[in-house]
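Proteins come first, then strands; the chains are lettered A, B, ... in the order of their sequence lines, and each starts at number 1.
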Amino acid sequence: MEAASKLDVEAIRADFPILQRRIGDKPLAYLDSAATSQKPVQVVEAMRRFTDYSNANISRSVHTLGAEATEAYEGARAKVAAFIGAPSPDEVVFTKNSTESINLMAYAFQNAAFDAAADPRFKLGPGDEVVVTEMEHHANLIPWQQLCRRTGATLKWIGITDAGRLDVDTVDEVITERCKVVSFVHVANLLGTVNPTSQITRRAREVGALVGLDASQSVPHIPVDVTELGVDFIAFTGHKMLGPTGIGVLWAKADLLAAMPPFLTGGSMIKTVTMEHTTFADAPAKFEAGTPPIAEAVGLAAAVDYLDKLGMANVRAHEKEFAGYMLDRLETVDGLQIIGPRVPIGRSATVSFTIDGVHPHDVGQILDAEGIAVRVGHHCAKPTCARFGVNATTRASGYLYNTHEEIDRLVEALGQVRKVFG
Amino acid sequence: MEAASKLDVEAIRADFPILQRRIGDKPLAYLDSAATSQKPVQVVEAMRRFTDYSNANISRSVHTLGAEATEAYEGARAKVAAFIGAPSPDEVVFTKNSTESINLMAYAFQNAAFDAAADPRFKLGPGDEVVVTEMEHHANLIPWQQLCRRTGATLKWIGITDAGRLDVDTVDEVITERCKVVSFVHVANLLGTVNPTSQITRRAREVGALVGLDASQSVPHIPVDVTELGVDFIAFTGHKMLGPTGIGVLWAKADLLAAMPPFLTGGSMIKTVTMEHTTFADAPAKFEAGTPPIAEAVGLAAAVDYLDKLGMANVRAHEKEFAGYMLDRLETVDGLQIIGPRVPIGRSATVSFTIDGVHPHDVGQILDAEGIAVRVGHHCAKPTCARFGVNATTRASGYLYNTHEEIDRLVEALGQVRKVFG
Amino acid sequence: MNLDELYQEVILDHYKRPRGAGLREPYEGESHQVNPTCGDEITLRVHVEGDTIADVSYDNVGCSISKASASVMYELINGAKVDDALAKLAEFTELMNSKGQSEGDEESLEDAVAFAGVSKYPMRVKCALLGWKAFQDALVRAEASIPGRTDA
Amino acid sequence: MNLDELYQEVILDHYKRPRGAGLREPYEGESHQVNPTCGDEITLRVHVEGDTIADVSYDNVGCSISKASASVMYELINGAKVDDALAKLAEFTELMNSKGQSEGDEESLEDAVAFAGVSKYPMRVKCALLGWKAFQDALVRAEASIPGRTDA
Ligand SMILES: Cc1ncc(COP(=O)(O)O)c(C=O)c1O
Ligand SMILES: Cc1ncc(COP(=O)(O)O)c(C=O)c1O
């Protein structure tokens, strides 16, 4: 059945206690990892060991616990940097989630507006353009929308084809000489599309724009190497990659971080402070005001270890095969329409669909009665919904612990949906 | 020995596995809770149960795990609201730490600058004034400093007396009719001063200014009731009150939250979104963009339960007695100068000091060799250091799990410090 | 979990054959409500004559629970006295917040007691209340637009 | 933990009687460095004559490790050829980053090998490097201000 997969899914499942959960009398089939992944014992244990043995605040004290905590936190940074091929750990900023990471970038432009001496790359005003796509998660749309509103710049976007792909033919037209930054989603969370990046990054370079990726759905699922990608920044989030909630990552090129004004200000991000004036530390400290998510960084490092051990290429292969199976089987369900690419090429194991005449809320409820957890709603991608003329979809998303059997159960339960509401 | 205390400290200590830790061959004496507190098993277990049984993203799905996670998260909000006497859970915003909470407030003013229709209370410009104190943690200084720089408003502050108290005689002079917001520290993290609030809040009301408290060092240690305090907002942080890292709280009056523009934008904080325009949800959702610290909220709720069970009045009584003992004993150390109030009245169990001729780094190192963890440095309060003419101090801070014996060990080890460097 | 408890016959019937659906004139107050977590929407109009709800008309997109709830609400409040309609609103809201602890008063809530099971599903309570929220809001607007009623 | 390893006699001696302390003229480059976690500071000046460090002078506030390290550095680089001084900088930095794995070459680093123990204390490595960082920075500034040396 899972011939193409190099993952030992049964062994993996044993690491996730929640997968033994029953919903009523049905075993849980967790098909909502695009919203948040489950966490293996290795992550929970690493955090617990840290809390019970080394917990202390970081960078602030010479005591043993403080040194151990600082090493654990900075070690996590180095691990995350290596995981995404970052040239230096100093390019990795810990935030609370992807959303903060992207806001941090957007506020760099906004705060530059107050500073005559700001780096010209971050100067934005009327006539300047910011480019996103129509398939963004709200996290990579609204911060730029607000930024444009506030600075007078213009927000533009690359559209979506009927097949659920980026309309790359329009790239040269949408990204013009007036564009200062392009930020686009690497793997779309509603459509499941894996976007090719080279055409957009090339065009961004041509016009001298900064270019970044919302990698929230790519870093957990496919090998990501920021150097190969040739982008200026990426954002991702711990809880979707087997790690804890409360931690996210912004990676950006060193010279960019150096040029960016600070965002959140407070302790641990300063050089000197008087009542009148403050000077700031170098990145990454400059962007990590206050006590960071320390135990969460320890958990994220354990998650990275877990993924590294499996091998991201193997994870990718497993999910590709899984996506293929899911697409094939879903196509057999009466009245089911897939929203997004219908072939497992350039797509993730996240599949959105509608069922004629049945609202996704009701679909989700019936599936839940069968122990199957999927997500229903607009998936924080309302413009994508609007593009496809729907208010909401049902979305099933797989990860390294999912099995064909869970898809079979999903497909069977979908058959019942139409019976209740047909 | 601990006659005045209603806490069973030995029983409490048994809940904190880290307190069994040895540093080299010495038992750990953790006297750095002002930097971050240790976490009882109850908190760690609550988080683990959540992760292993109910983990899911919130507010987004109809499946059972999603409903359980949402209830756990919103239940934590209600618990925190009750703990601080907030009239409604909707006035509690979860952030990542105190620092973000305060930045959120400061950015409300900054973002209002871009919006002609913004609430006049948040409109700030040249001639307007913002007031803090000289004893702020950087977290409650730099955000306001930056805000003033960016809007042209003037930052003013209330000074510190030689005894380490706020110079309240100057309150009426510093807070003028031009003042729009006063934000001051409730319990100072370097000096240990517990600031009386009524004089400042009364004056703020008189001139029509908003008034808020940095309650990072008060909520964990003394009973705090926002209604009684009569302030407009307070900020505090999970990791200093037995809770996890990665979560903080902003409490603000409902009408204030309603009037404030959003800060971080993205998923879960919207009403409607199109590519062109977004409308925002009501508070608290409006200020919680992205996946919040879900497991951390569960941990914080368990921490609040733990504190509630002990009773904050008992915690306060224990620490008052403890502060008295610490002050008495420290005064016996040759060449030791206390920076901050020297009597256990209107002060917390956090005591900063210098030792003639020995740098705090060296003090901290020698104490660490004895298993005693204190913090050394400027404690993110450089202006306070400057006020007392020192670059750094050594700071010992107690919490509900600390004993007289640990203070005795501290005092004995301090005797050795002067031997090495004398 | 017991699906039948949630999807009672009465609910499915109102869902499939919604009563009073469609937007009609005249009206004094209109409200547009969105459930931000799922994108469901309703536009609802209230026409008040004297102290009577003379018409409630609506157009909505949503799940079975939200559509059935609007339909049931129409039956309960259309033609009712304003005060009685507000009492039903309060009663239904209380039922929805009962977390499965209340069965509802069939005498007063009629078909709406079928929603008692919904109160066990926190994620669906918002669906059941969407139409009622729109009614409440539209009524406020209607009253504001009728001279002499703002002080009511 | 072994305190003696950290606070070697040599270190305490340099701490109590710092060599070359005080700010002197002439100089071509000056640097002010702060350790942001503890607020320790150093102001350091470099006077270059030809390819020789003719003087290194400094004024600092700090702990025993940072003060002793500046004093030891003074002995090592004052009067040395610029290239040799930079080689010492590299060697000392490597020793500090060795996490207790290196003992240091006494031939070349002289008293500075006493800092080998410091490398086990990550929180103190910054203290030991503060003066060296100031030297490196001051030298860059000095070279920038001397015509013909910027391309070095
Ligand atoms: C008085 C005070 N304010 C603010 C903070 C900042 O808290 P956090 O680092 O959790 O943001 C602290 C603690 O570091 C503090 O003691
Ligand atoms: C593509 C994409 N971007 C951004 C986010 C936001 O991540 P977070 O909620 O952790 O900030 C998500 C997930 O919700 C996502 O799928």
Output the residues of residues 15-25 of chain D for which the shortest heavy-atom distance to chain B is under 4.5 Å, in residue-number order; output 'none' if no such residue exists.
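Answer by number: D:Tyr15, D:Lys16.
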Between OH of D:Tyr121 and CD of B:Gln365, what distance do you get to the nearest 0.5 Å?
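Rounded to the nearest 0.5 Å, the OH-CD separation comes to 6.0 Å.
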Within a 6.0 Å radius of atom [atom1] on [X], are there more than 12 heavy atoms belonging to other residues, nucleotides or ligands?
| X | atom1 | value |
| --- | --- | --- |
| D:Lys126 | NZ | no |
| B:Arg13 | CZ | yes |
| D:Glu103 | CD | no |
| B:Glu331 | CD | yes |

Charged N to carboxylate O below 4.0 Å: is that the case for D:Arg124 and B:Asp362?
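Salt bridge present between D:Arg124 and B:Asp362.
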What part of B:Val363 gets within 4.5 angstrom of chain D, counting heavy atoms only: side chain, backbone, both, or neither?
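B:Val363 has no heavy atom closer than 4.5 Å to chain D.
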Does any part of the side chain of D:Leu3, heavy atoms only, come nearer than 4.5 Å to the side chain of B:Glu370, both counted from C-beta?
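No - every pair of side-chain heavy atoms lies 4.5 Å or more apart.
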Taking side chain as C-beta onward, heavy atoms only, is D:Asp40 less than 4.5 Å from B:His361?
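A side-chain contact exists here, since the closest heavy-atom pair is under 4.5 Å.
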